[in-house]
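Numbers here are sequence positions counted from 1.
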Amino acid sequence: MKKDRTHSTHQSYPLEWLDLIITVTLNPAKTNVETISPEQAGGLCARMDKEVSHLKSLLKNRVFSLTKQRKIRLIIRHYHSTLIVLLDHAIDNGKHPVFIREDLKAVHEQTVSALDELLSFIETRFATYLGMDERVPVTYLAVAREELGQKLAAVRKRLVPSIGEQYLLDIAIRCLEDFVSGEEKEESDPVTFRDVLYHRELLKSLEQLEESDRVSSHYTLLEETLIGLNFNHRSFINAFTQKTADRVNMQGDLKDRINLLALYQKELMQLVPEPDTAYQPGQPLLHTTLDNWFSQELFYLEKKLHLDIVPIGTEKEGTDERKNTYKLLCTLSEDQLGILLKSADDLKIIISRSLSNIFNQLVPYLSTPYKEDLSPESMRSHTYSIEERDKQIVIETLQKMIDKIKEY
């Protein structure tokens, strides 16, 4: 019976052992910590590693045994907040002079490390159940920064960038250094759990850089990694586009430049970014920004390619007057524009006798980065079979317009 009661108690409060060690055993206000022998201190360190593994396994089993999202969210947030409270307590304990003793200092550091590891585990595996935009407690932030700083020093020594990407690597490293030092955020812009998680993921990706596999043939492994992490830092965007422009401009022939630029854009589409991940969450997605840049550059080069000087008297007779009309450049594709106009017709935002008439009246005055002369008939026919991907892009574009209108 005693065994069952102990098991039941542990199930009701899985952090009981950690809590007892931090609030009582290693708490100078309640216990004479100096009486802990070096052997006992070593035993606590060994037990700490086992306890971390046990708690990770226990938490996963508890989450997977639940079916309701509300209950999962409650248990994850309860674990997370309790661990932060214990971390605060552990750090306060460590300020006492008794922890100058080497073996006791080792126990204290092991305890803080164990709590940090458990918090990192929850934030990585169960981020969707946490309030990721909440302010990080000061003590927890200090521990996270110290952990990142130690790992960053090792990565900086080991990582050797490929030729031509030292500057890109320096930007990523500098962002991590600023976060560790606390210079990245203003006082009015608090550090959130999302910020901590992103910088951990960024550093982890740099640590594993040499073990990763490249997806494209024209992007370096570092470029693929930062694009995948939505590293939408302005310095990186400027450096990446400048580097890409230099590569393309090495091509002497204009058609070769267009082909190479189009290839870069095509391979960009194969680099799928991590969902809900961003260096700067409030800024446009890196993937979208780069895709738009490629589209604009391609449009410029294609215009330049077809810009011929025509002598007087050589114009073709019967040329449609609309050919000389200035066209509006739309970054949406022909199919996506078709979806937009069809929805405007269905909702009677644009009133006309038919959808075909809307296309005939508007399409000749529109162009895309890929196609200067759009066909009203082709656009109309594509609305009969709409691709899911095109629908999603139109929805995202409209959402951005809504967000922008709200700012007016």
Please examine the side chains of [Y] and [X], heavy atoms only from C-beta on, and report whether any two atoms are closer than 4.5 Å.
X: Q336; Y: L340; answer: no
X: S367; Y: D373; answer: no
X: F121; Y: L59; answer: yes
X: T31; Y: T25; answer: no
X: N249; Y: R257; answer: yes
X: N230; Y: Y279; answer: no
X: Q296; Y: T331; answer: yes
X: I76; Y: I122; answer: yes

Problem - Contacts of S120 that satisfy side chain to side chain contact (heavy atoms under 4.5 Å, CB included) - sequence neighbours left out - result: D116, E147, R200
Completion exercise
By side chain to side chain contact (heavy atoms under 4.5 Å, CB included), I100 pairs with (sequence neighbours left out) P97
Exercise for the section: State whether F179 and R145 meet the cation-pi test: NZ (Lys) or CZ (Arg) under 6.0 Å from the six-membered ring centroid, and within 45° of the perpendicular axis. Expected result: yes
Practice task
Take N27 and H89 through the side chain to side chain contact (heavy atoms under 4.5 Å, CB included) test and state the conclusion after the steps.
Solution key: CA-CA 9 Å; N27 184 0; H89 206 135; 3.6 Å; yes
Handout entry: is_close_aromatic(F126, H80), centroid dist under 6.0 Å
Key = no
Practice task
Could I get the full list of side-chain hydrogen bond (donor to acceptor under 3.5 Å, both in side chains) partners for D335, not counting sequence neighbours?
Solution key: H382
Exercise for the section: Quick one: list whatever passes side-chain hydrogen bond (donor to acceptor under 3.5 Å, both in side chains) with T288, sequence neighbours left out. Expected result: none
With a 3.5 Å cut-off and sequence neighbours excluded, list the donor-acceptor pairs that the side chains of residues 401-408 form with protein atoms.
from	atom 1	to	atom 2	distance (Å)
D403	OD1	Q399	NE2	3.1
K404	NZ	E407	OE1	3.1

Non-neighbouring partners of [X] that pass salt bridge (Lys or Arg N to Asp or Glu O under 4.0 Å), sequence neighbours left out:
X: K60; result: none
X: R101; result: D103
X: E146; result: none
X: D253; result: none

Problem - Pairs satisfying salt bridge (Lys or Arg N to Asp or Glu O under 4.0 Å), at least one member in residues 388-400, at least two apart - result: E388-K391
Handout entry: Stepwise side-chain hydrogen bond (donor to acceptor under 3.5 Å, both in side chains) test for E377 and N360
Key = CA-CA 8 Å; E377 187 60 33; N360 289 332; over 6 Å; no
Handout entry: Mutual orientation of the aromatic rings belonging to Y264 and Y219 [parallel < 30°, tilted 30-60°, perpendicular > 60°]
Key = perpendicular
Exercise for the section: Indicate the ring-plane relationship of F231 and H233, choosing parallel, tilted or perpendicular according to the 30° and 60° boundaries. Expected result: parallel
Practice task
With side chain to side chain contact (heavy atoms under 4.5 Å, CB included) as the test, would you mind laying out the steps for L374 and L337 before giving the verdict?
Solution key: CA-CA 10 Å; L374 304 179; L337 285 170; 4.1 Å; yes
Exercise for the section: Could you please spell out the steps behind the side-chain hydrogen bond (donor to acceptor under 3.5 Å, both in side chains) verdict for N238 and Q242? Expected result: CA-CA 6 Å; N238 293 341; Q242 182 61 59; over 6 Å; no
Exercise for the section: Please report the C-alpha distance between S343 and D346 in whole Å, then the side-chain angles of each, then the deciding distance to 0.1 Å, and finally whether the side-chain hydrogen bond (donor to acceptor under 3.5 Å, both in side chains) criterion is met. Expected result: CA-CA 5 Å; S343 65; D346 290 339; over 6 Å; no
Practice task
State plainly whether the residues E223 and K243 are in salt-bridge range, i.e. N to O under 4.0 Å.
Solution key: yes
Handout entry: L286 vs L226, side chain to side chain contact (heavy atoms under 4.5 Å, CB included): CA-CA, chis, key distance, verdict
Key = CA-CA 9 Å; L286 174 63; L226 295 179; 5.5 Å; no
Handout entry: Pair listing, ring-ring contact (aromatic ring centres under 6.0 Å, His included) test, anchored in residues 337-362, at least two apart
Key = none
Handout entry: Residue pair A278 / N232: nearest heavy atoms and the distance that separates them
Key = C-OD1, 4.2 Å
Exercise for the section: Please identify each residue that fulfils ring-ring contact (aromatic ring centres under 6.0 Å, His included) with H78, with sequence neighbours left out. Expected result: none
Exercise for the section: Check the pair M269 / D291 against side chain to side chain contact (heavy atoms under 4.5 Å, CB included), numbers first and verdict last. Expected result: CA-CA 8 Å; M269 296 298 102; D291 185 39; 3.5 Å; yes
Problem - Other residues, nucleotides, ligands: >12 heavy atoms within 6.0 Å of R156 CZ - result: yes
